[in-house]
Amino acid sequence: MTNRVELKPGVIYFPQLLDRAAQESLRDEIYAAIHSAKLFQSTMPRWGNPMSVKMLNLGPVGWVSDKSGYRYQATHPVTGQNWPRIFPSLLKIWDTLTDNYAAPEACLINYYSATAKMGLHQDRDEEDFNAPVVSLSLGDTALFRIGTSERTGPTQSIKLQSGDGLIFGGPARLDFHGIDRIYKETSTLLNEGGRFNLTLRRVTKPHL
Ligand code: MD3
Ligand code: FE
């Protein structure tokens, strides 16, 4: 397999997990999904301010946010349609990186324009915190920051490039994290520029 770097317990970084050809085919699958289902603009709970990141989900459930809160739901908030299926190529990556953990139920596709960012937050809308989260980056380089399970804990930053993979599990699963900035025009993968991040997640507890 590719290079594997443990950034801290529970966080494993796979620089250039996807080669250029794999990035291009994943990009084209994302374009096809967006063409059929459309990115949507999430808003922050309570105040309803729009998030700068645009989103789409794949899978039986997807993460959405609006004035009433954050949740997983089976349908697109704008069209009411079910989300597209998670691509087989992504299921294969999940199986490899998680050693065949129960299949992911949600793949959140985040699209960052050159000015978009995501503030420090925890991912805690899933029932199963034992399951790892797998993240894949495509397009422009991003400055990613990860801290501890306390908001004010020390943080470390790494640049995520197109093709990089990350897996978060165990002691890092509830760590605060965010995207501080996108480095404009650092990749030629996306004609329109910007960055896609895909996160694969188990939402419910595996049965059996
Ligand atoms: C650390 N996305 O969608 S992926 C998110 O690049 C999110 O779009 C960022 O944070 C992005 O919630 C970062 C890396 C990531 C994903 C899940 C995590 C880091 C994580 C869960 C726990 C700890
Ligand atoms: Fe997150």
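Every number for a ligand or one of its atoms is a count from 1 in the order of the listing.
- Nearest to atom 15 (C) of ligand 1 among the protein's heavy atoms is Phe168 CE1, 3.3 Å.
- Asp164 and Gln16 share a donor-acceptor pair across their side chains, judged by distance under 3.5 Å alone.
- Of the listed residues (His121, Arg145, His177), the one carrying the non-hydrogen atom nearest atom 21 (C) of ligand 1 is His177.
- Annotation: atom 11 (C) of ligand 1 to nearest protein heavy atom, Tyr112 OH, 3.1 Å.
- Remark: distances from the non-hydrogen atoms of Gln122 to ligand 1 are all 4.0 Å or more.
- Donor-acceptor pairing under 3.5 Å is lacking for the side chains of His76 and Asn57.
- The aromatic rings of Tyr31 and Phe196 lie perpendicular to each other, with more than 60° between the two planes, well past the 30° mark.
- The single protein non-hydrogen atom nearest to atom 3 (O) of ligand 1 is Asn110 ND2, 3.0 Å, given as residue, atom name and distance.
- Distance from atom 7 (C) of ligand 1 to its nearest protein heavy atom, with residue and atom name: Met118 SD, 3.6 Å.
- Remark: minimum distance from atom 22 (C) of ligand 1 to any protein heavy atom is reached at Arg173 O, 3.1 Å.
- For His121 atom NE2 and Asp123 atom OD1, the angle they make at the Fe ion (ligand 2) is roughly 90°, to 10 degrees.
- Within ligand 1, the atoms closer than 4.0 Å to a non-hydrogen atom of Leu108 are 3 (O), numbered from 1 in the order shown.
- Remark: Arg4 fails to qualify as a cation-pi partner of Phe14 under the 6.0 Å distance and 45° angle criteria applied to the six-membered ring.
- Under the 3.5 Å distance criterion, with hydrogens and angles disregarded, a donor-acceptor pair is assigned to the side chains of Asp125 and Trp63.
- Checking Gln122 against Ser149 by side-chain atom types alone, no donor-acceptor pair falls below 3.5 Å.
- If you check which protein heavy atom lies closest to atom 16 (C) of ligand 1, you get Thr199 CG2, 3.8 Å.
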Exercise. Yes or no on salt bridge (charged side-chain N to carboxylate O under 4.0 Å, His left out) for Arg173 and Glu126, after CA distance, side-chain angles and deciding distance?
Worked result: CA-CA 11 Å; Arg173 180 61 183 78; Glu126 301 76 23; 2.8 Å; yes
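- The shortest heavy-atom distance from Phe144 to ligand 1 is under 4.0 Å.
- Ring orientation note: the planes of Trp94 and Tyr101 are nearly perpendicular, at an angle over 60° on the 30°/60° scale.
- Arg71 and Asp66 are joined by a salt bridge, as a carboxylate oxygen and a charged side-chain nitrogen come within less than 4.0 angstrom of each other.
- Closest protein heavy atom to atom 5 (C) of ligand 1: Arg201 NH2, 3.5 Å.
- The protein heavy-atom contact nearest to atom 23 (C) of ligand 1 is Ala172 O, 3.4 Å.
- Proximity of Asp123 to ligand 1 is established by a heavy-atom distance of less than 4.0 Å.
- Nearest N/O/S atom of His177 relative to the Fe ion (ligand 2): this is NE2.
- For the atom pair Leu189 CG and Arg27 CZ, the distance stands at 5.0 Å (nearest 0.5 Å).
- For ligand 1, the atoms sitting less than 4.0 Å from at least one non-hydrogen atom of Arg195 are 6 (O), 8 (O), 11 (C), numbered in the order shown with element in parentheses.
- Using modelled atom types, one finds no donor on one side chain facing an acceptor on the other under 3.5 Å when comparing Thr204 with Glu127.
- Applying the 4.0 Å criterion to heavy atoms of Ser135 picks out, from ligand 1, the atoms 4 (S), 14 (C).
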